[in-house]
Amino acid sequence: MSAIVRAEALTAHDPFRPHCGRVHDYLLNAGKDSYEVDERLGALLVEKAPPFQLGARAARMFLLRAVHDVAAEFGIAQFVELGAGYPCSPNLHEIAGGVLPGTRTVYVDSDAVVAAHGRALLAGDGTEFVHADLTDTDTTVREISALMNLTEPAAVCLGFVVEFIADPGAVIEAVTAVLAPGSFVVLSHVTDDVETDMVHEARDIYRSGGIEFWPRSAVEIAALMSGFDLIGPGLVPVHGWCPDVKRASVDGAGLGWHPASSEFCLAAVGRLR
């Protein structure tokens, strides 16, 4: 079965305005699929706030480790990535499917170009790409409900995305309200508790391109996970979340990246009570 695409009525695509997902592609992959306007903003982030790119990559590596472990240790075979961005191999369904064949994965993103790439590159059995704004929680919940078996646990992944949402708690609450007990939330989030000047420089660069960016305190980030029992080491910097277990294709060498300490980006995995 090929990927099912459910496109929503979203803001018209503007190639002359940067988009956070395409800028993120620049930070991960040097802009392989982004536009010139995204590359300019991404290059400014790398120039003015160099650790920020390392943090974005460390957050991606955490996400892949967490997906692997949730599948391997808890048997989770349904995954939703909200704010998925451009496909970046290995993608979540590749990691989860390598552990549990038959895993079902739904990717959600608001950008029309990202969605088109997702349709082209991620089509396959058990893989869906939804074009929707994840802050439109009614639509997001409706799509997840249509594509997942909600009588069974699932994992919702929010990697390097809730910083771009004014009220991430409302998104997490709405989406997890329909999940079965024993489901998971995988979260990373930039904090300005440490490396404050650098994080605020990155925030200001994003905002100069018309992209809102909200770094939050560790206390605020912990509050987003207050409805879950945290597994592993709890809320820690992304590079410190279970880094000592070898997992195929999800370490820095496998991705062509050099692992780096990123104290300003926190991570947690929580199990729904």
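Note that this is a predicted model, so its numbers are computed, not measured.
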Evaluate Leu63 against Glu81 for side-chain contact (heavy atoms from CB on, under 4.5 Å), listing each step before the verdict.
CA-CA 10 Å; Leu63 178 61; Glu81 185 175 14; 3.6 Å; yes
Determine whether Asp192 and Phe264 make a side-chain contact, defined as any pair of heavy atoms from C-beta on separated by less than 4.5 Å.
no
Euclidean distance, Glu201 CD relative to Glu47 CD, rounded to 0.5 Å:
9.5 Å
Would you kindly confirm whether Val106 and Val99 end up in one hydrophobic cluster when ILVMFWY residues are joined by side chain heavy atoms under 4.5 Å apart?
no
Grab the two heavy atoms, one from Val70 and one from Ala155, that are nearest each other, plus how far apart they are.
CG1-CB, 4.3 Å
Report yes if the side chains of Leu158 and Val185 come closer than 4.5 Å at any heavy-atom pair, otherwise no.
yes
CG of Leu147 to CZ of Arg142, rounded to nearest 0.5 Å, is 11.0 Å
Give, for atom CG of Leu187 and atom CZ of Phe228, the distance between the pair rounded to the nearest 0.5 Å.
9.5 Å
If only atom types and distance count, is the side chain of Ser188 paired as donor or acceptor with the main-chain N or O of Gly159 below 3.5 Å?
no
Does the side-chain contact (heavy atoms from CB on, under 4.5 Å) test come out yes or no for Leu41 and Ile211, once each step is laid out?
CA-CA 10 Å; Leu41 196 68; Ile211 299 173; 3.8 Å; yes
Apart from Val219 itself, which Ile, Leu, Val, Met, Phe, Trp or Tyr residues share its cluster (side-chain heavy atoms under 4.5 Å, direct or through members)?
none
Within-4.5 Å side-chain heavy-atom neighbours: Asp193 and Ser217:
yes
Closest approach of Glu263 and Pro237, non-hydrogen atoms and distance?
OE1-CG, 3.1 Å
Parallel, tilted or perpendicular: ring planes of Tyr206 versus Phe52, cut at 30 and 60 degrees:
perpendicular
Sequence neighbours left out, what passes side chain to side chain contact (heavy atoms under 4.5 Å, CB included) with Ile165? Give chain and number order.
Leu134, Thr135, Val162, Pro168, Val171
Across all chains, not counting sequence neighbours, the side-chain hydrogen bond (donor to acceptor under 3.5 Å, both in side chains) partners of His93 are Tyr107
With a 4.5 Å cut-off on side-chain heavy atoms, are Cys88 and Asp25 touching?
no
Does Glu212 CD have over 12 foreign heavy atoms under 6.0 Å away?
yes
Using 0.5 Å steps for rounding, measure from the CZ atom of Arg40 to the OH atom of Tyr35.
13.5 Å
So, for Ala268 and Leu235, which heavy atoms are closest and what is the spacing to 0.1 Å?
CB-CD1, 3.9 Å
Tell me whether Val194 is reachable from Met198 by hopping between hydrophobic residues (I, L, V, M, F, W, Y) whose side-chain heavy atoms are closer than 4.5 Å.
yes
Any heavy-atom pair between the side chains of Leu150 and Leu179 that's under 4.5 Å?
yes
Can you label the angle between the Phe62 ring and the Trp241 ring as parallel, tilted or perpendicular, going by 30° and 60°?
perpendicular
Residues at least two apart in sequence or cross-chain that pass side-chain hydrogen bond (donor to acceptor under 3.5 Å, both in side chains) with Ser208, listed by chain then number, are none
Would you please test Asp69 and Phe74 for side-chain contact (heavy atoms from CB on, under 4.5 Å) and show each step?
CA-CA 8 Å; Asp69 289 4; Phe74 298 94; over 6 Å; no
Between Val46 and Tyr26, is a side-chain contact (heavy atoms from CB on, under 4.5 Å) present by the stated rule, with each step listed?
CA-CA 10 Å; Val46 173; Tyr26 180 89; 4.0 Å; yes
What distance do Phe213 atom CZ and Arg207 atom CZ have between them, rounded to the nearest 0.5 Å?
9.0 Å
How many angstroms lie between CD in Gln78 and CZ in Phe184, if you round to the nearest 0.5 Å?
13.0 Å
Is the backbone of Leu27 close enough, under 3.5 Å, to the side chain of Arg57 for a donor and an acceptor to pair up by distance?
yes
Non-hydrogen side-chain atoms of Phe79 and Val186 separated by less than 4.5 Å
no
Do Asp109 side-chain atoms and Tyr86 backbone N/O form a donor-acceptor pair below 3.5 Å?
no
Give me the atom names and distance for the closest heavy-atom approach of Thr191 to Pro215.
C-CB, 4.3 Å
Not counting sequence neighbours, which residues clear side-chain hydrogen bond (donor to acceptor under 3.5 Å, both in side chains) with His189? List them please.
Arg216
Taking all non-hydrogen atoms of both residues, which atom of Ala56 and which atom of Leu28 are closest, and how far apart?
O-CD2, 3.7 Å
Are any side-chain N or O atoms of Thr140 and backbone N or O atoms of Thr137, one a donor and one an acceptor, separated by less than 3.5 Å?
no
Cluster overlap Leu45 with Trp214, hydrophobic side-chain contacts below 4.5 Å:
no
Restricting to non-hydrogen atoms, name the atom on His19 and the atom on Ser110 that form the minimum distance, rounded to 0.1 Å.
NE2-OG, 3.7 Å
Salt bridge Arg203-Glu163, side-chain N to carboxylate O under 4.0 Å:
no
Contact between Asp133 and Val108 at the side-chain level, heavy atoms closer than 4.5 Å - yes or no?
no
My understanding is that only residues two or more places apart in sequence, or in another chain, count here; which of them pass side-chain hydrogen bond (donor to acceptor under 3.5 Å, both in side chains) with Glu94?
Ser89, Asn91
Could you check whether any side-chain heavy atom of Arg273 comes within less than 4.5 Å of a side-chain heavy atom of Asp229, counting everything from C-beta outward?
yes
